[in-house]
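The chains referred to below are lettered A, B, ... by the order of the sequence lines, with proteins before strands, and numbering in each begins at 1.
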Protein chains: 2
Amino acid sequence: MAKKNGRQHAILADVARLADVSPSTVSRVLSGSAVRAPISEETRARVRAAAEQLGYYPNVNARSLRTQRTNMIAVMIADISNPFYHTITRAIQDAAFEQNFDVLIANTDHIHSYEQRFVEAIMRRPVDGVIMVPYNLTAADIEKLIDRTGVAVAVLAHRIEHPRIDVVYADDEGATTDAVRWLITEKKHQKIAFIGVNLSFKVGQRRYNGYRRALEDCGLRPRDEWFITGNFSYESGAAAMNALLDAPERPTAVFVCNDIMAIGALNVALERGLRVPEDIAIVGFDNIPATQYMRPELTTVAQFPHEIGTALSKALFERIADPQRPRQTIKIGCELIVRQST
Amino acid sequence: MAKKNGRQHAILADVARLADVSPSTVSRVLSGSAVRAPISEETRARVRAAAEQLGYYPNVNARSLRTQRTNMIAVMIADISNPFYHTITRAIQDAAFEQNFDVLIANTDHIHSYEQRFVEAIMRRPVDGVIMVPYNLTAADIEKLIDRTGVAVAVLAHRIEHPRIDVVYADDEGATTDAVRWLITEKKHQKIAFIGVNLSFKVGQRRYNGYRRALEDCGLRPRDEWFITGNFSYESGAAAMNALLDAPERPTAVFVCNDIMAIGALNVALERGLRVPEDIAIVGFDNIPATQYMRPELTTVAQFPHEIGTALSKALFERIADPQRPRQTIKIGCELIVRQST
DNA sequence: AAACACAATGCAATCGATTGCATTAAGAGT
DNA sequence: ACTCTTAATGCAATCGATTGCATTGTGTTT
């Protein structure tokens with residue numbers, strides 16, 4: 001069992017010695033590069049047997065140093081606890097698994113300094129590709145990373161245009177417009193409130209824009225007292241609904257820009273004795289699992305995080321394979337899921 | 001901007017050249033190992049300036065090859081989409097972030113071959129530590145990994161005893177006993193059903209044992225028709241409740257071994273016109289966010305995945321720092337969260 | 001029989017950093 | 001004046017695999 005010296009595991013040289021060939025040969029046999037250099041079938045067998053006998057595994061680290069490829073990608077997301085993000089992550093991991101890639105994951109919590117730290121980490125630890133959901137990072141930051149490391153990059157973002165960055169985005173603005181317009185034309189609502197988040201969040205801005213556009217398209221005027229901002233949380237959704245119900249004039253429908261707040265709003269409406277959807281209709285956004293558990297089940301706009309993750313990884317692996325390939329921009333649609341709350 | 005040759009980024013040798021010192025000196029200054037070897041303050045400054053000017057970042061890969069340390073840990077869990085696991089994961093990532101470690105994550109979906117593949121991956125890609133939630137892997141498998149790679153290991157598991165493996169476990173069996181006993185003694189239930197999962201799952205076995213023990217302790221006899229198994233899903237919980245309500249004699253309370261199934265059961269009960277908790281009380285397990293959104297809010301047993309993740313990382317990093325340290329076994333309790341469904 | 005092609009393999013440099021063991025110079029002790 | 005520390009730095013080997021460029025041997029072509 002003991003190898004040459006005190007090492008606890010076999011290295012390539014040990015295999016070479018046992019198989020009585022040179023290290024080069026072992027490498028060629030085991031790394032598959034032998035496809036381009038001929039090794040006799042007999043030698044191959046001997047090498048494989050020796051490797052097997054010694055329980056040899058190549059050291060990926062050493063290999064990467066030499067080949068400049070790591071078989072590893074990094075993923076930067078806001079928060080793995082959030083269903084939207086972990087579903088994306090899961091899709092990426094599955095794609096990577098298939099390609100025999102390992103996946104590094106970092107959470108940023110939307111914090112700028114964490115995003116920067118991620119970039120720095122990638123500066124030192126070579127990876128073949130990076131998937132990011134940037135919040136504060138600009139195209140310039142990412143470009144610097146690419147210039148220095150040559151890494152392949154795919155991002156989930158709305159406004160990044162760069163020849164070497166593939167981008168995937170979800171059309172949540174358009175989906176919001178469609179949903180609100182549907183409330184107006186199909187469900188005959190005229191008084192529609194909007195529970196959003198601070199407009200400094202791009203996502204907040206986009207969805208609010210979508211809402212405004214639907215109203216305008218249908219000739220309705222937005223009212224200030226029907227635009228309330230929360231902070232993504234259940235409690236803030238509940239508070240927003242309370243405010244709405246206490247307003248001089250109550251809306252008949254409310255579009256909420258994420259499901260958690262929508263559920264908070266729904267429960268408040270129910271607890272205050274309103275019937276949903278008869279007295280007030282509610283639409284959420286994200287289609288998290290809990291929306292189906294509610295009674296009434298929550299109508300919501302589904303994003304397709306799994307598709308997003310798949311698209312991101314597909315783009316990334318294509319770019320890893322061919323760094324020169326022209327950039328792709330992929331739009332993933334959203335879909336209104338009509339359930340009982342409207 | 002152009003470095004020595006076609007390389008796109010500076011390497012240690014470039015810095016050495018610019019600062020007019022040897023590579024050794026640069027390394028000592030930048031890697032902090034200079035603590036043990038004296039470098040004059042003036043030289044230090046020169047090196048730092050040169051590094052700064054060139055935008056130099058050390059190549060972690062090369063460093064790892066030499067030092068045998070990677071500043072990277074790997075996490076093997078069942079499924080990042082599951083709140084229990086991703087909360088654990090998040091705690092681990094936060095701990096790693098603080099220690100400046102990167103985190104590799106792999107999902108196994110409880111599949112044996114995926115677990116094995118993970119182990120193989122760690123055989124080739126050196127990491128300093130591994131955190132696992134093994135389902136099929138045995139202590140022997142893990143021991144082999146340790147023997148070969150010397151990696152530090154911490155696991156979330158109930159029956160692994162090994163001098164070089166730290167283990168953390170949640171006492172869900174005891175918690176189940178406590179919860180069921182509470183239903184009997186405090187809530188005066190005599191007819192308590194159990195919706196579980198296949199007993200070949202260890203988790204299913206443990207919680208069922210806990211349930212049985214509570215009944216026995218209180219002198220109650222378990223009844224076959226009140227033990228129904230599902231497959232963790234909402235639908236299977238709903239089906240189980242339907243079966244229970246169609247049984248010749250209805251139970252007055254039901255303990256469900258995860259929240260998703262409990263929610264399915266709850267909704268069925270409500271839809272069939274029963275009042276919860278008056279006609280039937282329901283207790284879930286896990287304390288997922290949705291339990292608080294339900295009406296009635298679901299009573300459930302909380303596990304503390306964040307604490308589990310923290311304990312796992314703490315044990316792991318201690319072992320990385322001192323591989324010889326005696327093993328730790330840490331029990332994380334569970335807690336019954338009484339809400340409206342009981 | 002000379003020249004050549006090609007299959008099969010080995011040699012040695014290389015990837016980029018770290019570190020044990022010198023080496024040099026300057027000051028301290030006797 | 002001579003030996004001894006000690007501070008400051010450099011040399012060169014090393015981590016473990018990959019790969020461009022030989023080299024050797026065997027069969028083919030002319």
### Charged N-O contact under 4.0 Å between Arg90(B) and Asp109(A)
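Looking at Arg90(B) and Asp109(A), the cut-off is met.
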
### Query
Are the charged groups of Asp147(A) and Arg164(A) less than 4.0 angstrom apart, N to O?
yes

#### Entry: Nearest-0.5 Å distance that lies between atom CD1 in Ile80(B) and atom CD1 in Ile105(A)
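Rounded to the nearest 0.5 Å, the CD1-CD1 separation comes to 5.5 Å.
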
Using the side-chain heavy atoms of [X], tell me which of these nucleotides is nearest: [options].
| X | options | result |
| --- | --- | --- |
| Leu12(B) | dG16(C), dT18(D), dA17(C) | dA17(C) |
| Pro38(A) | dA8(C), dA17(D), dG16(C) | dA8(C) |
| Ala62(A) | dT18(C), dC21(C), dG16(D) | dG16(D) |
| Leu65(B) | dG16(D), dA17(C), dT18(D) | dG16(D) |

Respond yes when some side-chain nitrogen or oxygen of [X] is under 4.0 Å from OP1 or OP2 of [N], and no when none is.
| X | N | result |
| --- | --- | --- |
| Gln68(B) | dT18(C) | no |
| Tyr56(B) | dA17(C) | yes |
| Thr43(A) | dT9(C) | yes |
| Ser40(A) | dT9(C) | yes |

#### Entry: Any side-chain donor near an acceptor of the partner, Ser27(B) and Ser24(B), under 3.5 Å
no

### Query
Between Glu115(A) and Tyr135(A), do the side chains contain an N or O donor and an N or O acceptor separated by less than 3.5 Å?
no

### Query
Which whole-number value in Å describes the distance from Glu41(B) CD to dA8(D) P?
10 Å

### Query
Tell me: CG of Asn59(B) to P of dT18(C), nearest whole Å?
10 Å

Students often get this wrong, so: under 4.0 angstrom with heavy atoms, is [X] touching a base, only sugar-phosphate, or nothing?
| X | result |
| --- | --- |
| Val60(B) | nothing |
| Ser64(A) | nothing |
| Val26(A) | nothing |

Using nucleotides 12-14 of chain D, report all nitrogen or oxygen pairs with the protein that are shorter than 3.5 Å.
unit_1, atom_1, unit_2, atom_2, d
dT14(D), O2, Arg66(B), NH1, 2.8

